[in-house]
Amino acid sequence: MNEKTVFSRGSFFHGTRADLKTGDLIVTGKKKNYHDDRKSRYVYFAGTLDAAIWGAELAEGEGRERLYVVEPTGDFEDDPNVTDKKFPGNPTKSYRSEYPLKIVAEVIKWEGHSPEILNQMLENLRKLSEQGIKAID
């Protein structure tokens, strides 16, 4: 994406550290991104860049943080981990699907959260983990 790219209404985004290419599929059954050894039953994505940025910033791994424009290949639903527990009405436009997401493009220019905000989120997630609460159910 360049400075002149305008995302169409209804664009979806996925944040990760995985190095993917246009046309690749993000599929279920992989190890979850968030310090969790369970396999993912869903693929997660968002209709806002900010939510996808959180996904990239919080993903484990050594690769660089990446944002992809994705296209769902099947039905999807509001992500209950966010909408039911934190943001009723889904203002973050966070979704999940049992169907793959197709990579349409990579978002090249984007700005992450400040180190202070990121560290605050990581601390909150650490506290939840100590209480036995997983970031993603």
Side-chain angles (χ1 to χ4, degrees):
M1 303 284 118
N2 62 43
E3 296 164 32
K4 295 181 182 180
T5 300
V6 177
F7 297 111
S8 65
R9 190 170 189 65
S11 292
F12 295 115
F13 307 95
H14 178 82
T16 185
R17 290 182 184 267
D19 183 10
L20 303 169
K21 305 289 181 251
T22 299
D24 285 352
L25 296 176
I26 300 169
V27 298
T28 62
K30 303 288 184 182
K31 185 176 171 291
K32 293 184 177 188
N33 262 343
Y34 305 108
H35 310 283
D36 190 332
D37 290 329
R38 298 174 297 162
K39 301 283 185 187
S40 180
R41 183 172 163 206
Y42 300 97
V43 290
Y44 293 85
F45 59 104
T48 67
L49 274 174
D50 189 60
I53 289 169
W54 278 118
E57 290 176 329
L58 298 175
E60 67 180 11
E62 298 301 317
R64 72 175 173 86
E65 299 161 351
R66 296 173 181 271
L67 294 180
Y68 296 103
V69 179
V70 296
E71 179 180 285
T73 63
D75 294 337
F76 58 92
E77 64 186 7
D78 287 353
D79 176 3
N81 298 300
V82 177
T83 57
D84 293 347
K85 296 177 182 176
K86 297 177 183 148
F87 305 107
N90 201 5
T92 64
K93 297 183 180 167
S94 298
Y95 307 102
R96 70 182 189 181
S97 179
E98 293 179 301
Y99 296 91
L101 302 175
K102 183 179 179 180
I103 304 289
V104 177
E106 183 172 356
V107 180
I108 301 300
K109 286 185 87 171
W110 55 276
E111 188 172 325
H113 296 95
S114 72
E116 296 80 21
I117 298 292
L118 182 57
N119 286 333
Q120 183 179 8
M121 175 65 86
L122 290 169
E123 180 62 19
N124 289 339
L125 291 174
R126 185 190 63 75
K127 287 177 184 177
L128 289 172
S129 179
E130 288 175 355
Q131 297 171 26
I133 300 170
K134 301 285 186 183
I136 296 177
D137 293 331

Handout entry: Nearest-0.5 Å distance, CG of residue Asp78 to OH of residue Tyr95
Key = 6.0 Å
Problem - Over 12 foreign heavy atoms within 6.0 Å of CZ, Phe76 - result: yes
Practice task
Return the set of residues passing salt bridge (Lys or Arg N to Asp or Glu O under 4.0 Å) with Glu116 (not counting sequence neighbours), or none when no residue passes.
Solution key: none
Completion exercise
Tested for side chain to side chain contact (heavy atoms under 4.5 Å, CB included) against Lys102, the lone hit among Val69, Leu25, Thr22, Val70 is Leu25
Fill in the blank from the handout: Smallest heavy-atom separation, Ile26 atom then Val43 atom, equals O-CG1, 3.5 Å
Practice task
Please identify each residue that fulfils salt bridge (Lys or Arg N to Asp or Glu O under 4.0 Å) with Glu57, with sequence neighbours left out.
Solution key: none
Completion exercise
Rounded to the nearest 0.5 Å, the CG atom of Asn124 sits from the CG atom of Asn119 at a distance of 11.0 Å
Exercise for the section: Taking all heavy atoms of Pro72 and all of Phe12, pick out the closest pair and write down the distance. Expected result: CD-CD1, 3.6 Å
Completion exercise
OG1 of Thr16 to CG of Leu101, rounded to nearest 0.5 Å, is 11.0 Å
Handout entry: Non-neighbouring partners of Glu123 that pass side-chain hydrogen bond (donor to acceptor under 3.5 Å, both in side chains), sequence neighbours left out
Key = Arg126
Exercise for the section: Report whether Met121 and Ile117 are members of the same hydrophobic cluster (ILVMFWY, side-chain heavy atoms less than 4.5 Å apart, transitive linking). Expected result: yes
Completion exercise
Taken to the nearest 0.5 Å, the spacing of Leu118 CG from Leu58 CG works out to 6.5 Å
Handout entry: For Asp19, all residues meeting side-chain contact (heavy atoms from CB on, under 4.5 Å), sequence neighbours excluded
Key = Lys21, Arg66, Tyr68
Problem - Least distance between heavy atoms, Val104 atom then Glu71 atom - result: CG2-CB, 3.7 Å
Handout entry: Polar side-chain atom of Ser97 near backbone of Asp75 as donor-acceptor pair, under 3.5 Å
Key = yes
Fill in the blank from the handout: Residues at least two apart in sequence or cross-chain that pass side-chain hydrogen bond (donor to acceptor under 3.5 Å, both in side chains) with Glu77, listed by chain then number, are Arg96
Fill in the blank from the handout: The salt bridge (Lys or Arg N to Asp or Glu O under 4.0 Å) partners of Glu65 (sequence neighbours excluded) come to Arg17
Exercise for the section: Applying salt bridge (Lys or Arg N to Asp or Glu O under 4.0 Å), name anything that partners Asp24, two or more places apart in sequence or on another chain. Expected result: none
Practice task
Any pair with a residue in residues 106-125 that passes ring-ring contact (aromatic ring centres under 6.0 Å, His included), sequence neighbours left out, goes on the list, sorted by first then second residue, please.
Solution key: Trp54-His113
Exercise for the section: Report yes or no: does Thr73 contribute a side-chain atom to a donor-acceptor pair with the main-chain N or O of Pro100 at less than 3.5 Å? Expected result: yes
Completion exercise
When rounded to the nearest 0.5 Å, the distance separating CG of Asp79 from NZ of Lys93 is 15.5 Å
